[in-house]
Amino acid sequence: MKRWRDSSFRAQVKSSPMVARLYQILRFLVIWVMIAQFFNGNFENVFLCILTLILFLVPSFIERKIQIDLPDTLEVIILLFIFAAEILGEIRAYYISIPYWDTMLHTLNGFLCAAIGFSLLDILNRHERLSFSLSPLYLAIMAFCFSMTIGVLWEFFECTMDVFFHLDMQKDTVVNTISSVMLDPNGGNVPTAIHNITDVIVVTADGSEIPLGLGGYLDIGILDTMKDLFVNFIGAVVFSFIGYFYVKSRGKGRFARRFIPQVLPETPSSEPKK
């Protein structure tokens with residue numbers, strides 16, 4: 001079982017060398033990227049690097065302050081997820097240059113959030129002072145709901161950033177067919193479709209015409225949001241299924257244990273004098 005009170009790097013190497021070394025490597029890479037972005041004048045990316053370094057400290061903080069033991073596998077995935085999302089996805093633009101990068105991360109996010117939601121309920125379910133007992137099916141359903149709620153809240157955040165700061169966090173999609181009741185020539189409630197769209201021309205208030213040249217109509221983030229929620233759904237279902245059998249077997253599943261945090265036993269604040 002890992003430490004949670006001694007936060008020195010030497011103690012981390014002793015108790016969990018793989019996690020400690022990975023943290024050291026990722027922190028070095030982030031600092032290197034931050035220095036490069038600073039000299040290039042990309043101060044927004046410098047802020048992302050600082051945010052990444054802060055997020056790297058969260059797993060260790062949880063272990064020390066809340067006395068929760070994060071399995072090595074879960075901690076490694078969390079660190080790699082943060083690095084892949086902030087450094088590779090945002091700064092290195094993998095969201096644009098590598099197909100399905102965003103889809104992969106949202107699927108993993110659904111899996112991780114289900115694991116976190118499941119562990120929170122499982123910890124309560126095992127607590128000796130609580131008089132209720134939750135069934136495996138109930139735990140699995142609640143873990144799924146927790147993961148989907150986090151996914152929806154994140155999409156709310158992306159939409160807010162796009163509306164007020166024009167960041168395009170909800171990546172747009174080029175489509176060749178649109179259908180809307182607003183196109184009904186009679187002003188009714190009949191959907192009217194336009195097919196085989198190859199370009200869209202935007203007319204601004206001063207009369208300027210700007211052809212987008214994208215090969216179709218620009219969908220504003222809706223399809224991306226639905227795709228993100230769908231893959232979040234897949235990740236949540238997968239872990240909820242795993243968690244169900246984990247509780248059903250009374251915690252004997254080796255695979256599920258790699259992703260479910262455990263409450264550490266309390267230790268005396270000071271050792272008795274010899």
Look at the side-chain heavy atoms of Ile, Leu, Val, Met, Phe, Trp and Tyr, link any pair under 4.5 Å apart, and say whether [X] and [Y] land in one connected group.
X      : Y      : value
Ile116 : Trp154 : no
Met182 : Val190 : no
Ile96  : Val231 : no
Leu70  : Met18  : yes
Tyr94  : Leu167 : no

[Y] backbone acceptor or donor facing [X] side chain under 3.5 Å:
X      : Y      : result
Ser147 : Ala236 : no
Asp184 : Asn186 : yes
Asp162 : Gln170 : yes
Ser208 : Thr204 : no
Asp199 : Gly213 : yes
Ser60  : Leu57  : no
Asn176 : Ile197 : yes
Trp32  : Arg27  : no

Taking the side chain as every heavy atom from C-beta outward, state whether [X] and [Y] have any pair of such atoms under 4.5 Å apart.
X      : Y      : result
Arg257 : Thr73  : no
Ile210 : Ile201 : no
Cys145 : Ile141 : yes
Leu112 : Ile77  : yes
Val181 : Thr192 : no
Phe230 : Thr225 : no
Val76  : Leu22  : yes

Nearest 0.5 Å, please: how far is [atom2] in [Y] from [atom1] in [X]?
X      : Y      : atom1 : atom2 : answer
Leu51  : Ile82  : CG    : CD1   : 9.0 Å
Lys171 : Leu223 : NZ    : CG    : 14.5 Å
Leu74  : Leu79  : CG    : CG    : 9.5 Å
Asp102 : Thr107 : CG    : OG1   : 9.0 Å
Leu88  : Ser97  : CG    : OG    : 9.5 Å
Ile220 : Asp168 : CD1   : CG    : 8.0 Å

Polar contact flag, side-chain donor to acceptor under 3.5 angstrom, Asn232-His106 | no
Quick one: closest heavy-atom pair of [X] and [Y], and the distance?
X      : Y      : answer
Ala140 : Ser240 : O-OG, 3.2 Å
Val174 : Gly215 : CG1-C, 4.1 Å
Val30  : Cys49  : CG1-O, 3.5 Å
Pro136 : Val247 : CG-CG1, 3.7 Å

Out of Tyr244, Tyr246, Phe259, which one pairs with Phe118 under the side-chain contact (heavy atoms from CB on, under 4.5 Å) rule?
-> Tyr246
I would like to know whether Asp224 and Asp172 meet side chain to side chain contact (heavy atoms under 4.5 Å, CB included); could you show each step before the answer?
-> CA-CA 7 Å; Asp224 178 76; Asp172 302 330; over 6 Å; no
So for atom [atom1], which belongs to [X], do other residues, nucleotides or ligands contribute more than 12 heavy atoms lying within a distance under 6.0 Å?
X      : atom1 : value
Ile222 : CD1   : no
Tyr95  : OH    : yes
Phe233 : CZ    : no
Asn40  : CG    : yes

Dump the intermediate steps for side chain to side chain contact (heavy atoms under 4.5 Å, CB included) on Phe144 and Phe239, then the final yes or no.
-> CA-CA 8 Å; Phe144 169 80; Phe239 187 86; over 6 Å; no
Could you give me the CA-CA distance, side-chain angles and deciding distance for Leu183 and Ile178, then say whether side chain to side chain contact (heavy atoms under 4.5 Å, CB included) is met?
-> CA-CA 10 Å; Leu183 298 175; Ile178 60 173; 4.2 Å; yes
Given the side-chain rings of Phe245 and Phe241, with only the six-membered ring counted for Trp, is the space between their centroids under 6.0 Å?
-> yes
Could you walk me through whether Trp101 and Met104 pass side chain to side chain contact (heavy atoms under 4.5 Å, CB included), step by step?
-> CA-CA 5 Å; Trp101 186 263; Met104 175 191 68; 3.9 Å; yes
Asn45 pairs by side chain to side chain donor-acceptor pair (under 3.5 Å) with which of Glu86, Gln37, Arg92?
-> Gln37
